[in-house]
**Q** 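Can you keep this structure in mind? I'll have questions shortly.
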Protein chains: 2
Amino acid sequence: MSLDAATPDLGAAEPNTKERILDIALELFTDQGYERTSLRQIADRLGYTKAAIYYHFASKDDILMTLHLRLHEFGLSALASLDGTEWSPTTWADFLDQLIDQILEHRSLFLLHERNRAALEELHRDRHDADHDDLEAGFQRIIANPQIALDDRVRMTCAFGAVMGTLFLTGNVFADIPSAELGGMLRGAVRDLLGTGAPG
Amino acid sequence: MSLDAATPDLGAAEPNTKERILDIALELFTDQGYERTSLRQIADRLGYTKAAIYYHFASKDDILMTLHLRLHEFGLSALASLDGTEWSPTTWADFLDQLIDQILEHRSLFLLHERNRAALEELHRDRHDADHDDLEAGFQRIIANPQIALDDRVRMTCAFGAVMGTLFLTGNVFADIPSAELGGMLRGAVRDLLGTGAPG
DNA sequence: GTCTATATAGGGATAGAC
DNA sequence: GTCTATCCCTATATAGAC
């Protein structure tokens, strides 16, 4: 199954055209970037012409938005719901524990987001999508909180970076490592950084 | 002085047009992305028309390339020269020690690079720039080395991510903190992650 | 459901006036 | 050294045939 586990599985018949478009787009958008990828390029891989895409999607933006929304479905917005949390290295470690699983499971969608930040920001701006909240935007709000000691905030940032970096900076190097194993190592690193004990 | 300390200081006269273009481009390219930024947009801020830019630069790509080359001047390629190093958590900690200073000093150029990876990769591909070596490409070669224990490689990745994440994920949150102070904290985090003693 | 043909806009880039 | 006017291309998107 492609496109992570996000795909609405319609009985696993021959992949329908819409999902194929999303698959191709996901790969090209992350690899080349959104604006360097033309509909013509997608259509070529699809085996159809450009216009065929417009039967399934209203616009090029619509394709990107559809992919982006799949990220939000998977508790990416968990952060927003935890907005009332009293953040500290300890609670942060617990949060990262959960985030690590999400990231490892939906790698490609996270990558898409990271690599096309500018395009996505403008998309939301055009929609007046005021309540849109990024993982990163929520993160920045937290580490900007002056009630948390600066040292702690830097440590929380480092822990976040350690996790995200393993996804964003390694390419395919760790692709073969089972998620459980990699996840375990990441949790260990997070603990050492935040000075917390075993995960709760 | 703008554009980090990279600017060839011609006696600090009124900023010449070429440097102004680079300044504006640096800001717009990192903020909106390279391809979402048009020459018209740059020209508007400049107060001239598009065509004026072509007096100073051969192409839009040339602007990006000029900015990119400034990064290489500042020992970004230190990694390549250290290619013969026997990498381990310890030597990696020493390397990051130096890298932290570079990053803190040339924040905006690093950000430009990170945010426009796709464009830069294609630029080098077009130039058949085979020996071009990214900080990240070099990093990936190292952590792909099977002679280093997997645990160590993951830890090295985490340390790298912790450093880079502090630059890429925090926005302006830590902008007010003196580089020396922030650098010190980062070094502490790196030590805790890599299990090394005080930096050499 | 998929296609061709085409409209329209905006981009980068050039020629040459001033 | 800076500008206007313009070229050309490619992109997204539409209308409508099959």
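Side chains are part of it too, since the values below use all heavy atoms of this structure and drop only hydrogens, waters and symmetry mates. By convention in this document, chain letters (A, B, ...) are assigned in the order of the sequence lines, proteins followed by strands, and residues within each chain are numbered from 1. Keep in mind the model is a prediction, meaning the values are calculated, not measured.
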**Q** Once you apply a heavy-atom cut-off of 4.0 Å, does A:Thr49 come out as touching a base, just sugar-phosphate, or nothing?
**A** base
**Q** Given atom NZ of B:Lys60 and atom C1' of D:dC9, what is their separation to the nearest angstrom?
**A**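 From B:Lys60 NZ to D:dC9 C1': 15 Å.
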**Q** Take the protein atom CZ of A:Arg20 and the nucleotide atom P of C:dG1, then report the distance between them rounded to whole Å.
**A** 15 Å
**Q** If you only use heavy atoms from C-beta on, which nucleotide in D:dC3, C:dG12, D:dA11 is closest to the side chain of B:Ala52?
**A** D:dC3
**Q** Centre of A:Tyr55's six-membered ring, under 6.0 Å away, within 45 degrees of the axis: is that where NZ or CZ of A:Lys18 sits?
**A**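 No, cation not above the ring by the 6.0 Å, 45° rule.
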**Q** Roughly how many Å is it from CZ in A:Phe57 to P in C:dG1, rounded to a whole number?
**A**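 Between P of C:dG1 and CZ of A:Phe57: 13 Å.
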**Q** Does D:dG1 have OP1 or OP2 sitting under 4.0 Å from an N or O in the side chain of B:His56?
**A**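 So the side chain of B:His56 is outside the cut-off, no N or O lying under 4.0 Å from OP1 or OP2 of D:dG1.
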**Q** Between C:dG12 atom P and B:Leu28 atom CG, what is the distance in whole Å?
**A** 12 Å
**Q** Does a side-chain N or O of A:Tyr48 approach OP1 or OP2 of C:dT2 to a distance below 4.0 Å, or not?
**A** yes
**Q** Considering only C:dG12, D:dA13, C:dT4, which nucleotide approaches the side chain of A:Ala51 most closely?
**A** C:dT4
**Q** Do B:Gln41 and B:Gln32 have a side chain donor and acceptor closer than 3.5 Å?
**A**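 On atom types as modelled, these side chains qualify, holding a pair under 3.5 Å.
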**Q** State whether a side-chain donor-acceptor pair under 3.5 Å links B:Tyr34 with B:Asp61.
**A** yes
**Q** With A:Val163 as reference, evaluate A:Ile103, A:Leu193, A:Leu104 under the side chain to side chain contact (heavy atoms under 4.5 Å, CB included) test and give the passing residue.
**A**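 By the side chain to side chain contact (heavy atoms under 4.5 Å, CB included) criterion, A:Val163 pairs with just one of A:Ile103, A:Leu193, A:Leu104: A:Ile103.
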**Q** Could you tell me the separation between the CD1 atom of A:Ile53 and the C1' atom of C:dG1, rounded to a whole number of Å?
**A**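 For the pair A:Ile53 CD1 and C:dG1 C1', the rounded distance is 14 Å.
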**Q** In this structure, how many angstroms lie between the P atom of D:dA13 and the CZ atom of A:Arg40, rounded?
**A**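 Value for this atom pair: 17 Å.
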**Q** Decide if atom CG of B:Asp126 counts as having more than 12 heavy atoms of other residues, nucleotides or ligands within a radius under 6.0 Å.
**A** yes
**Q** Please give, in whole Å, the distance from D:dA11 P to A:Asp61 CG?
**A** 16 Å
**Q** Using atom NZ of B:Lys50 as one end and atom P of D:dT2 as the other, report the distance to the nearest whole Å.
**A** 18 Å
**Q** Is there a side-chain polar atom (N or O) of B:Thr17 under 4.0 Å from OP1 or OP2 of D:dT2?
**A** yes
**Q** Can you find a side chain N or O atom of B:Tyr55 that sits less than 4.0 Å from OP1 or OP2 on D:dG1?
**A**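 For D:dG1, OP1 or OP2 has a side-chain N or O of B:Tyr55 closer than 4.0 Å.
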